[in-house]
Protein chains: 2
Amino acid sequence: MSLRHGLLGLIVEVPGRSGYDLLKIFELSLGHVWSATQSQLYGELGKLAADGLIEVTSEGPRGRKEYGATPAGRDELRHWLTETTPKPANRDEAILRVFFLGTLEADQARDYLREQGEKAARGHIELAELDASLDWEHDNDGLAPAGRIALEYGKRYMAMRREWAEWALEQIEP
Amino acid sequence: MSLRHGLLGLIVEVPGRSGYDLLKIFELSLGHVWSATQSQLYGELGKLAADGLIEVTSEGPRGRKEYGATPAGRDELRHWLTETTPKPANRDEAILRVFFLGTLEADQARDYLREQGEKAARGHIELAELDASLDWEHDNDGLAPAGRIALEYGKRYMAMRREWAEWALEQIEP
DNA sequence: TTGAGCATGTAACACGTTACATGATTTC
DNA sequence: GAAATCATGTAACGTGTTACATGCTCAA
């Protein structure tokens, strides 16, 4: 139930936003490590509210509803963070494919690895730009300083993948 | 449809195995980057066979069915590898939680990061042991040398996470 | 006044997980 | 003969994706 808790956490840290607002913030931050669609997000907001973990704190034009966490919601978030352990990530299609590079000609396998390396390099640049564009002192979206630590993870992840792809290229027809 | 192609690829590289055999091999190799349950695997074997991408090559005791890839299956694998691009991994609950460490006391946040660092360290050791236990020269399970490249990824991944967790610990109450 | 962006939701389907269910063979 | 392991499958449920559907408000 990670989306549930991710969304709950977002509302705890950034209250007074609509589903629409939350979706935008989600895409820029949490979405990098836990993607969700608009449908899913609205559905989960309804469930969280039905379960009393969040509540509508005000209504605006165009049916806009702003959310805030309830005490029960805060308890649930804390429980999730301190009493349960995250399940390890175990879905990476790009690496899955690596197992089958042996069925291709060396040229094609190298193309694949080169492309993966380039993707990682671009990903690194994007995250570095995102980092530079954010004002960590005045944190407009309320996610600093933990967001900075997550972003650092992303940068290291991309760098690691770029380096690995370069190493892997050397392994094929050395 | 990554499980579909992962399984297809496995049957291409390692033919003449039963669903049960494939499940064991899967858990030790592909399962690290694309987990699947027994149910899912048997279900997908049925679908792959129904679609003519694999076929039962022999039947044994206890209802055992051994599979092999058809020419159409090989084509499909190659198509997947060369004409489509993998979608980036975007589900990591451990990093998702990092965004909310700010809602905890510094002590608890540090506990979390310390635990993540230790997990990564243990993961690294396990993969190094797995690496040492495999005979890459005579590759019994048919996944070398690409399996070695994937394993190297896993080791770098774990090392990166360990180092990141250590860095992150220093960021909290510096 | 028209288009961009705000704002919410539903329905159908695909994929994944958990639990159950069953039985044959081999090994001790 | 009991236990471990081999071996395959189904059913119910939960999660995630895609596509559709609708309408308001604000700025140019």
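Both backbone and side-chain heavy atoms feed into the values below; hydrogens, waters and symmetry mates do not. Letters A, B, ... are given to chains in the order of the sequence lines, protein chains preceding strands, and every chain is numbered from 1.
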Just to be sure I understand the rule, does [X] reach a base, reach only the sugar-phosphate, or reach nothing, if contact means heavy atoms closer than 4.0 Å?
{"X": "B:R91", "result": "sugar-phosphate"}
{"X": "B:K47", "result": "nothing"}
{"X": "A:T37", "result": "base"}

Under a 4.0 Å N-O cut-off, is there an ion pair linking [X] with [Y]?
{"X": "A:E152", "Y": "A:R156", "result": "yes"}
{"X": "A:R78", "Y": "A:D75", "result": "no"}
{"X": "B:E166", "Y": "B:R162", "result": "yes"}
{"X": "B:E44", "Y": "B:R4", "result": "yes"}

**OP:** Hey, which sits more toward the 5' end of DNA chain C by its nearest nucleotide, A:G63 or B:A36?
**Re:**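 Result: A:G63.
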Original post:
In terms of the nearest nucleotide of DNA chain D, which residue is placed more toward the 5' end: B:P61 or B:K87?
Top reply: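 Nearer the 5' end of the strand: B:P61.
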Subject >> Nearest-nucleotide comparison on DNA chain D, the residue closer to the 5′ end among B:N90 and B:L23 >> reply: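 Checking each residue's closest nucleotide, the 5'-ward one belongs to B:L23.
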Measure [atom1]/[X] against [atom2]/[N] and give the value in whole Å, please.
{"X": "B:M1", "N": "D:dT17", "atom1": "CE", "atom2": "P", "answer": "15 Å"}
{"X": "A:W34", "N": "D:dT15", "atom1": "CH2", "atom2": "P", "answer": "11 Å"}
{"X": "B:Y67", "N": "D:dA7", "atom1": "OH", "atom2": "P", "answer": "12 Å"}
{"X": "B:Q40", "N": "C:dT17", "atom1": "CD", "atom2": "C1'", "answer": "8 Å"}
{"X": "A:L41", "N": "D:dT17", "atom1": "CG", "atom2": "P", "answer": "12 Å"}
{"X": "A:E66", "N": "C:dT8", "atom1": "CD", "atom2": "P", "answer": "9 Å"}
{"X": "B:R17", "N": "D:dT8", "atom1": "CZ", "atom2": "P", "answer": "13 Å"}
{"X": "A:E93", "N": "D:dT17", "atom1": "CD", "atom2": "P", "answer": "13 Å"}

Original post:
Quick one: does A:S39 reach the base of C:dT10 with a side-chain donor-acceptor pair under 3.5 Å?
Top reply: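 Yes, a donor-acceptor pair under 3.5 Å.
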Original post:
Is there a donor on the side chain of A:Q38 or the base of C:dT8 sitting less than 3.5 Å from an acceptor on the other?
Top reply: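 Indeed, a donor on one side and an acceptor on the other fall under 3.5 Å apart.
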Original post:
Which of parallel (below 30°), tilted (30 to 60°) and perpendicular (above 60°) describes A:W164 and B:Y153?
Top reply: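 Perpendicular.
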May I ask you to verify if any side-chain N or O of [X] is less than 4.0 angstrom from the OP1 or OP2 atom of [N]?
{"X": "B:K24", "N": "D:dT5", "answer": "no"}
{"X": "A:R62", "N": "D:dT25", "answer": "no"}
{"X": "A:Y42", "N": "C:dG9", "answer": "no"}

